[in-house]
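None of these values were measured; they are calculated from a predicted model. Here is the naming used below: chain letters follow the sequence lines, and residue numbers restart at 1 for every chain.
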Amino acid sequence: MERFTEFVLPYLDAAHNLARYLMRDAYEAEDAVQEAFLRAIRHFGGFRGVDGRAWLLSIVRNACFTQLRRQRSGGEKVEFDEEIHSHEVELSAPEADLANTIAAESVRAGLSQLAVEFREVLVLRELEGLSYKEIAQVIGVPMGTVMSRLARGRKQLLLVLGANAKEND
Amino acid sequence: MEHQEVIDRLSPFLDDELDPVASREVERHLESCPPCRAGFERQRNLSESLQRDLEYHRAPDMLRERVMRDLRAAGRRDAAPAPPCGSAVALAERGRGRVRGGGGAWIAAMQWRGSGDDAIAREVVSGHIRSLMANHLADVASTDQHTVKPWFAGKLDFSPPVTDFAAAEYPLTGGRLDYLQGHPVAALVYMHRKHVINVFVWPVAGAREQLAPPVTERGYHVIHAAHAGMSYWVVSDLNAQELAAFVRLLTAPA
């Protein structure tokens with residue numbers, strides 16, 4: 001367990017931060033993180049790499065998505081589709097003009113309106129500072145997908161912020 | 001590079017994830033194309049805003065303790081090849097109900113955590129009472145933070161933050177050395193109206209920002225907070241609201 005303490009435990013904060021943004025609920029996030037750590041402890045024997053953060057975060061996001069799917073079942077089941085989800089927002093809304101600084105509150109609110117798949121890449125990139133390669137490892141998709149998902153996520157967040165700003169006028 | 005190609009590459013360009021050739025092409029295009037440059041500025045501002053304005057949610061202490069318990073339990077299980085079926089991990093895994101906070105592990109962690117904090121709260125109140133009874137409030141009696149702070153130097157292996165809040169009617173009146181949890185700690189003394197407030201401070205590695213709700217112990221209110229690498233235990237017979245207001249002052253970002 002000493003190796004676990006050295007390679008994985010330091011990323012508990014990162015794990016919690018990611019879970020918090022995916023679940024959008026403090027209790028759910030803590031549950032998901034504990035669940036993920038139990039899995040991580042159990043499977044640590046299979047950890048061969050040096051990047052404990054990407055390894056842990058992939059377990060955390062899987063725990064979160066399992067929990068989210070459980071919540072959704074019962075309701076209608078919508079699989080994530082990059083194309084469909086990129087057009088959810090009314091495209092007539094102008095992108096938010098962020099030439100000047102934007103209110104912190106509206107950025108937080110805007111992010112929470114995005115599909116969880118977009119929140120995920122944005123948090124991993126902007127808050128965790130991961131490279132595309134690391135993000136690809138965490139979420140288990142090719143790097144090209146990371147690139148397009150981030151671009152779409154940003155585009156969509158700008159549209160959401162623009163639409164919100166228009167509403168508040 | 002065509003217009004649309006550039007637009008498609010703004011996001012990876014921003015993230016410095018383009019190969020050098022493509023990166024130079026985007027750069028060159030941006031120099032000569034105001035609309036694309038405006039698009040890029042929007043993306044860059046968004047990115048800066050996300051990094052600056054989104055909260056980084058560090059793991060709460062209670063979660064850390066839940067995880068540490070699981071880890072210790074797994075360590076014990078490794079040490080004993082044939083674990084009893086009621087081992088802590090098994091219990092925790094079974095008890096992790098989906099009801100909020102209803103999981104057995106969560107409750108167990110809370111009690112475990114609670115007992116540790118209770119013990120400190122009791123010690124803190126004892127320290128507070130001792131300081132009043134023995135008429136030993138301060139080793140250095142001064143309302144000047146620039147006198148109190150240096151006094152601790154050489155007596156402790158850390159430098160406690162010392163600020164006078166006289167303007168907010170919580171004047172500093174002195175400081176002394178005290179002993180908590182087997183360690184020497186700094187005790188700062190403040191007054192509010194006629195009430196003495198003792199603030200026990202010591203450093204904690206990797207502490208997460210925290211402000212716990214007031215607890216009552218032998219008629220005294222005790223509030224625990226963690227801020228900027230320091231653990232604070234604040235005790236007084238002052239009412240809980242005013243004491244909480246004081247702790248917020250104490251732990252406000254400089």
Check side chain to side chain contact (heavy atoms under 4.5 Å, CB included) between B:Q51 and all other residues, then give those that pass, not counting sequence neighbours.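 Partners of B:Q51 by the side chain to side chain contact (heavy atoms under 4.5 Å, CB included) criterion, ordered by chain and then number, come out as A:E126, B:S47.
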Problem - Which atoms of B:E48 approach chain A - backbone, side chain, both or neither, heavy atom under 4.5 Å - result: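 It is neither, since no heavy atom gets under 4.5 Å.
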Roughly how far, to the nearest 0.5 Å, is [atom2] of [Y] from [atom1] of [X]?
X: A:L157; Y: B:L46; atom1: CG; atom2: CG; result: 4.5 Å
X: B:R66; Y: A:D31; atom1: CZ; atom2: CG; result: 5.0 Å
X: B:E17; Y: A:M147; atom1: CD; atom2: CE; result: 8.5 Å
X: A:L127; Y: B:L54; atom1: CG; atom2: CG; result: 5.0 Å
X: A:F37; Y: B:M68; atom1: CZ; atom2: CE; result: 10.0 Å
X: B:Y56; Y: A:H16; atom1: OH; atom2: NE2; result: 10.5 Å

Quiz item: Are B:D15 and A:R125 close enough for a salt bridge, meaning some N to O gap below 4.0 Å?
Solution: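 Salt bridge flag = yes for A:R125 with B:D15.
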Between B:R42 (side chain) and A:L158 (backbone), is there a donor-acceptor pair under 3.5 Å?
->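 Checking the backbone N and O of A:L158 against the side chain of B:R42, no donor-acceptor pair under 3.5 Å is found.
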Practice problem: Spell out, as yes or no, whether a donor-acceptor pair under 3.5 Å connects the side chain of A:N17 to the backbone of B:H57. | Solution: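 Yes.
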Quick check on the structure: residues of residues 4-13 of chain B within a heavy-atom distance below 4.5 Å of chain A, by number.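 So the qualifying residues are B:S11, B:P12.
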Exercise for the section: May I ask you to list the residues in residues 18-34 of chain B that approach chain A closer than 4.5 angstrom, counting heavy atoms only, ordered by number? Expected result: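 Those residues of residues 18-34 of chain B which would need a heavy atom under 4.5 Å from chain A do not exist here.
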Query raised in the report: What part of A:L18 lies closer than 4.5 angstrom to a heavy atom of chain B: side chain, backbone, both or neither?
Result: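 A:L18 has no heavy atom closer than 4.5 Å to chain B.
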Close side-chain approach of B:L14 to A:R154, heavy-atom, < 4.5 Å: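 The answer is yes; the side chains approach within 4.5 Å.
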Would you mind writing out the side-chain donor-acceptor pairs for residues 3-15 of chain A within the sub-3.5 Å range, not counting sequence neighbours?
residue	atom	partner	partner atom	Å
A:T5	OG1	A:M1	O	2.9
A:D13	OD1	B:A59	N	2.7
A:D13	OD1	B:R64	NH2	3.1

